[in-house]
Structures are given as structure tokens and as C-alpha cells.
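Since this is a predicted model, take the numbers as computed values, not measurements. To find a chain, count down the sequence lines: A is the first, B the second, and so on, and within it residues start at 1.
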Amino acid sequence: MRPPFPPLAAAFYARPTAEVARRLLGHFLVSDVAGRRTVGRIVETEAYVGPHDPACHAFGRRRTPRTEALYGPPGTAYVYFTYGMHWCLNAVTERLDYPAAVLIRALEPLEGLAVMRRRRGNVAERGLCAGPARLCEALGITGDENGTSLVRGTVRILRDRTRGPLVAVTSRIGITRGVSWPLRFVIQGSPWASR
DNA sequence: GGTAGGATAAGCT
DNA sequence: GCTTATCCTACCA
């Protein structure tokens, strides 16, 4: 993290969600939660494309306090709690009042590995950030970050200089509806993906 | 190598 | 009451 990596601007997120999910791959997720810097490269994402997407939290429901951040401006962090114990981080996309976002599913750990291990327990490096709830635990991301800006908040996404990686597209994971939609994006061959 | 089951709580019906 | 965009452990091969 030596050179000046600029944050991805709000305009980056104000595009079709699947496109944002694909283009997020390879960039840096940086957390300064509790004054500890942890950094990982995004290697796996999923798109949740709007109210017509049966797997999206906004599907067939009204806007609720829990999902409010999902309707925020592009570049907002939508962090939700699930299964009674896990946090998951999303980047809100498209436009204000339109509920769509990209779930960050896995990172290649780059910086602050000792901090990550302290938070995660002494797991193998491969398992540190391979999964949406695992990466949140490793980076200290909780509901406190819900609704904050990924452009200028405590948790940010910074642009890498290198060119776009080769991307594989598959179905999404862990959902029960809209299962077959090809909206999961992975850096081809990355050993850091969740599976 | 693989998978089944349990933990645990908010939000919805 | 039931479901859930998950993870870990135990157990089996």
C-alpha cells in the first residue's frame, strides 16, 4: 500500500450492478477499524441486482430499517447481520433509492495479517478472508460500518493500478432463490476464493 | 477428500 | 413460527 491508491469514486458504483461486481475484482478493500489497518485484494463478488432479483434483500418486501442502507447512494456500505452471528459487506450500486448491491465474498489478505489472525482465531492463511462473513471478521467490519461511505469512510475500496484480471462467472452461492443466475464473479484461478 | 447438523437472532408472515 | 446472501465441527470415506 505504498503508492497513492485513490478510492473508487461514487461514479464507479453508479452503473449496472453486475458490471460493478465484475470491475471490483482486483481492487483493494482497506479497513481502519479500531485504528488497525487491514487490507485485502477483492477476488470474489456477487451481484444482487434489484427488487426483481429473488435473492436480493429488497425482493417482495417493503423498505425496512434493516435494509435502509441498501437504498442509499452508490458507494455506500450495506452491512447486514445473518444467521444470528455473521456480518456481510456489500457495496451499494446504481442510484439513490434503488436497492442493488455487490456482496464482497473473498479477499486475498495483503496487509495486517497478524491483526486478522487475532480477530479470526489462528486459522490457516487460506481461510482468513475466504467467505463474506470471514472477511468481515478479519477486517473488523460490523453493523457500525452500515451506511458509511466506501469512498471516504473507515472502510474504503481503493483502485489498483494493474489491469483487470481474468474473470470467471458462475451461479451465486448460499441462496435459495434465483440460484441459477450467473452473477458470481471470481478472479480466474485465485486460491483465495471461498470455494 | 466430502458432507450433515447445529449455533444463534433479526425480520418477516 | 419460519427463514436466512454463513461458518465451524464432527464424522465418514
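Although no hydrogens or angles enter the test, the distance criterion places no donor-acceptor pair under 3.5 Å between the side chain of A/S190 and the main chain of A/V43. Not one N or O on the side chain of A/D160 forms a donor-acceptor pair closer than 3.5 Å with the backbone of A/H27. Judged by distance alone, the side chain of A/R120 and the main-chain N or O of A/L128 form a donor-acceptor pair under 3.5 Å.
Each of A/T45, A/D53, A/T93 was evaluated against A/T17; a single residue qualifies, A/T93, per the side-chain hydrogen bond (donor to acceptor under 3.5 Å, both in side chains) test.
Side-chain atoms of A/R184 and A/T170 include a donor-acceptor pair closer than 3.5 Å. Side-chain polar atoms of A/T38 and A/E111 form no donor-acceptor pair below 3.5 angstrom.
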Writing each nucleotide of DNA chain B 5' to 3' as (, ), [, ], | or . by Watson-Crick or G-U pairing under 3.5 Å yields |||||||.||||.
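Rounding to whole angstrom units, CZ of residue A/R105 and P of C/dC7 are separated by 7 Å. Atoms CZ (A/R172) and P (C/dA5) sit 10 Å apart, rounded to a whole Å. A/F185 places its CZ atom 18 Å from the P atom of C/dA5, with the value rounded to the nearest Å. Here the C1' atom of nucleotide C/dT9 and the CZ atom of A/R134 are 12 Å apart, to the nearest Å. C/dT6 atom P lies 8 Å from atom CD1 of A/I173, rounded to whole Å. C/dT3 atom C1' lies 15 Å from atom CZ of A/F81, rounded to whole Å. For the pair A/Y78 OH and B/dG11 C1', the computed distance is 10 Å after rounding to whole Å. Atom CG of A/N90 is separated from atom C1' of C/dT4 by 14 Å (rounded to the nearest Å).
For A/R120, the side-chain atoms get nearest to C/dC8 when compared with the rest of B/dA9, C/dA5, C/dC8. Ranking B/dG11, C/dA5, C/dT6 by closeness to the A/A133 side chain, first place goes to C/dT6.
Applying the 5.5 angstrom centroid cut-off and the 30 degree plane-angle cut-off, the aromatic ring of A/Y80 is not stacked upon the base of C/dA5.
Both the sub-6.0 Å distance and the 45° axial angle are satisfied by A/R15 relative to the ring of A/F12. Cation-pi geometry between A/R172 and A/Y48 is met: under 6.0 angstrom from the ring centre, within 45 degrees of the axis.
Taking a cutoff of 4.0 Å between a charged side-chain nitrogen and a carboxylate oxygen, A/D32 and A/R156 qualify as a salt bridge.
Residue pairs that meet the ring pair (Phe, Tyr, Trp, His ring centres under 6.0 Å) test with at least one member in residues 85-140 of chain A, sequence neighbours left out, are A/F81-A/W87.
Within 4.0 Å (heavy atoms only), A/T67 reaches no atom of the nucleic acid at all.
Checking A/S194 against A/R177, the closest nucleotide of DNA chain C that is more toward the 5' end is the one next to A/R177. When the nearest nucleotides of DNA chain C are assigned to A/A101 and A/G127 by heavy-atom distance, the more 5′-ward of the two goes with A/A101.
Under 4.0 angstrom from either OP1 or OP2 of B/dC12 there lies at least one side-chain N or O belonging to A/T64.
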Atom pairs under 3.5 Å: protein N/O with N/O of nucleotides 3-8 of chain B:
unit_1 : atom_1 : unit_2 : atom_2 : d
B/dT8  : O2     : A/Y83  : O      : 2.5

